[in-house]
Amino acid sequence: MKRIINLISATVLLVSCCGCGGGSSDRTDAGRQSVYVTTARSNNSESTRSYTSSVEENKSVNAGFKTGGQIRRLTVNEGDYVKKGQVIGYLDDDDYRLSVRQLEAQYNQLSSELKRLDEMYRRNNVAPNDYEKAHAGFEQLRTQLEMARNKLAYTRLEAPASGCIVERFMEEGEMTGAGTPVYKIIDNSGLETSVALPSSAYSQRDRIRGCSARSALSDTEIPLDIIGFVPDADNNSLFRLRLRIPSAMSGILMPGMNLSVTLRFDGDDNRADCVVPSRSIFERNGKEYVWLVNPADSTISAREISRIGPHSGPYSEVNGLQGNELIVAAGVHHLSDGEKVTVIGDINTLND
């Protein structure tokens with residue numbers, strides 16, 4: 001860039017020196033506008049973007065008994081890994097067993113009586129109404145027995161999902177109610193992560209061709225799959241991209257671990273993306289342009305561009321440039337096509 005600026009400055013100086021012998025050249029140089037320039041920086045080399053994120057569980061569940069009672073035994077602690085269906089706790093079931101025995105005795109007795117009643121009914125020795133009431137009572141007793149057996153089974157707490165015990169809310173000997181959480185289990189079989197994308201990256205989401213991550217524990221690249229985009233921006237105008245972590249990383253990566261996520265964008269576009277100072281862009285007839293400077297003769301020409309993403313900020317990403325073009329960096333609203341300008345320096349030197 002400095003080499004280009006020096007070349008242009010030397011050219012302008014040479015023209016000025018050669019014009020000392022003729023008055024017309026002096027007048028022409030004096031009429032030129034002085035401008036600062038910069039180079040349109042190509043974005044083609046920046047085909048990847050990195051973000052910081054953390055590992056998140058796909059889901060977490062609270063495990064609790066389906067019936068109430070006093071906790072007799074809890075079999076796992078925080079940090080233990082459990083499998084779905086594994087018994088992880090017991091209630092005192094003495095009263096539940098007695099209830100089942102009592103109902104089973106009544107059920108067996110009534111079942112025997114119904115057999116005799118059926119025989120009497122076939123002989124027309126029992127009124128139809130009494131016969132139907134007896135059978136209805138038997139069905140009610142059957143239902144009560146099934147409910148008692150279910151409650152007895154509910155005194156065993158089974159893990160609703162495979163995962164890691166991250167919190168134990170109660171201890172042995174405590175009373176618990178139906179549905180009261182006893183454990184919190186994180187399902188590590190479905191880990192994911194998410195990154196917050198600025199609008200400039202979200203607008204190019206269809207160009208994402210690959211996603212990967214690295215953790216502090218290992219420098220190995222972890223491939224990620226896109227779950228989906230959350231289309232509603234947050235208060236910071238950022239869009240959330242959800243990414244799935246391979247199941248093979250379960251047990252290696254844990255929720256809360258930090259990740260460095262890299263997104264690879266497809267660079268095969270009709271026009272290269274470039275970054276230019278926002279104040280180098282001007283509008284004409286509803287379209288946006290920048291002034292290109294020809295280093296050979298210091299003439300300028302308008303090049304139409306289209307801005308990507310937000311229009312605020314000191315720099316803008318644009319389409320319509322190939323990269324490395326010399327452009328007028330400031331004072332763009334008082335120039336015209338074909339006009340010759342005097343380059344007085346690189347705009348970046350003013351920011352140093």
Side-chain angles (χ1 to χ4, degrees), residues 1-17 28-29 31-51 197-204 207 262-352:
M1 176 66 199
K2 291 184 178 180
R3 187 177 301 173
I4 296 175
I5 299 300
N6 292 336
L7 177 60
I8 294 175
S9 301
T11 303
V12 172
L13 181 61
L14 178 61
V15 172
S16 300
C17 293
T28 300
D29 291 347
R32 294 186 185 183
Q33 293 201 46
S34 299
V35 298
Y36 283 96
V37 296
T38 189
T39 302
R41 178 163 51 88
S42 173
N43 250 358
N44 281 347
S45 60
E46 298 179 359
S47 58
T48 62
R49 302 185 187 186
S50 297
Y51 303 88
L197 300 179
S199 56
S200 58
Y202 179 73
S203 65
Q204 302 178 60
R207 293 177 52 194
T262 299
L263 305 183
R264 293 183 293 278
F265 289 81
D266 186 1
D268 296 331
D269 210 11
N270 293 330
R271 293 172 297 182
D273 295 338
C274 296
V275 176
V276 299
S278 296
R279 55 183 169 176
S280 69
I281 301 173
F282 65 96
E283 187 175 339
R284 178 192 293 174
N285 299 325
K287 298 181 179 180
E288 292 185 312
Y289 299 85
V290 295
W291 291 112
L292 300 188
V293 179
N294 185 348
D297 58 6
S298 298
T299 59
I300 60 173
S301 59
R303 172 70 63 82
E304 182 180 350
I305 54 93
S306 59
R307 206 176 323 211
I308 300 173
H311 289 200
S312 59
Y315 291 92
S316 297
E317 293 185 352
V318 301
N319 277 340
L321 299 173
Q322 297 301 317
N324 295 326
E325 290 105 326
L326 199 64
I327 65 173
V328 177
V332 297
H333 299 287
H334 305 289
L335 301 174
S336 58
D337 282 295
E339 181 179 351
K340 289 192 175 185
V341 296
T342 298
V343 177
I344 57 176
D346 182 355
I347 193 66
N348 295 320
T349 61
L350 299 180
N351 302 324
D352 293 340

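Since we're looking at a predicted model, the values are computed, not measured.
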Check: What distance do Phe282 atom CZ and Glu288 atom CD have between them, rounded to the nearest 0.5 Å?
Finding: 10.0 Å

Margin query: To the closest 0.5 Å, what do you measure between CD (Gln204) and CD (Glu317)?
Written below: 6.0 Å

Show me the side-chain donor-acceptor pairs of residues 327-336 shorter than 3.5 Å, one per line, residues at least two apart or across chains.
residue	atom	partner	partner atom	Å
Ser336	OG	Glu339	OE1	3.3

Note to self: Ignoring hydrogens, what is the shortest heavy-atom contact between Arg303 and Gly320? Give both atom names and the distance.
What the structure shows: NH1-O, 3.3 Å

Note to self: With rounding to the nearest 0.5 angstrom, report the CZ to OG1 distance, Phe265 to Thr48.
What the structure shows: 9.5 Å

Notebook entry, point to check: Side chains of Leu263 and Leu197: does their closest heavy-atom pair fall under 4.5 Å?
Noted result: yes

Checklist line | side-chain contact (heavy atoms from CB on, under 4.5 Å) partners for Asp337, two or more places apart | finding: Arg284, Trp291, Ser301, Ala302

Next item on the list: With sequence neighbours left out, write down each residue that passes side chain to side chain donor-acceptor pair (under 3.5 Å) with Ser34, or none if nothing qualifies.
Entry: none

Note to self: What I'd like to find out is whether the side chain of Val341 reaches to under 4.5 Å of the side chain of Arg32, using heavy atoms alone.
What the structure shows: no

Note to self: Let me confirm one number: the CD1-CD distance from Ile300 to Gln33, rounded to the nearest 0.5 Å.
What the structure shows: 8.0 Å

Check: Can you check side-chain contact (heavy atoms from CB on, under 4.5 Å) on Ser316 and Ile281, steps first, answer last?
Finding: CA-CA 9 Å; Ser316 297; Ile281 301 173; 4.1 Å; yes

Margin query: Please give me the minimum heavy-atom distance between Val293 and Ser298, naming the atom from each residue.
Written below: CG1-CA, 4.4 Å

Check: For the atom pair SG (Cys274) and CG (Asn319), what is the distance rounded to the nearest 0.5 Å?
Finding: 8.0 Å

Note to self: So, taking the atom named CD1 in Ile305 and the one named CG in Leu321, what distance separates them when rounded to the nearest 0.5 Å?
What the structure shows: 7.0 Å

Item checked: Any Thr39 side-chain heavy atom under 4.5 Å of Leu326 side chain -> yes

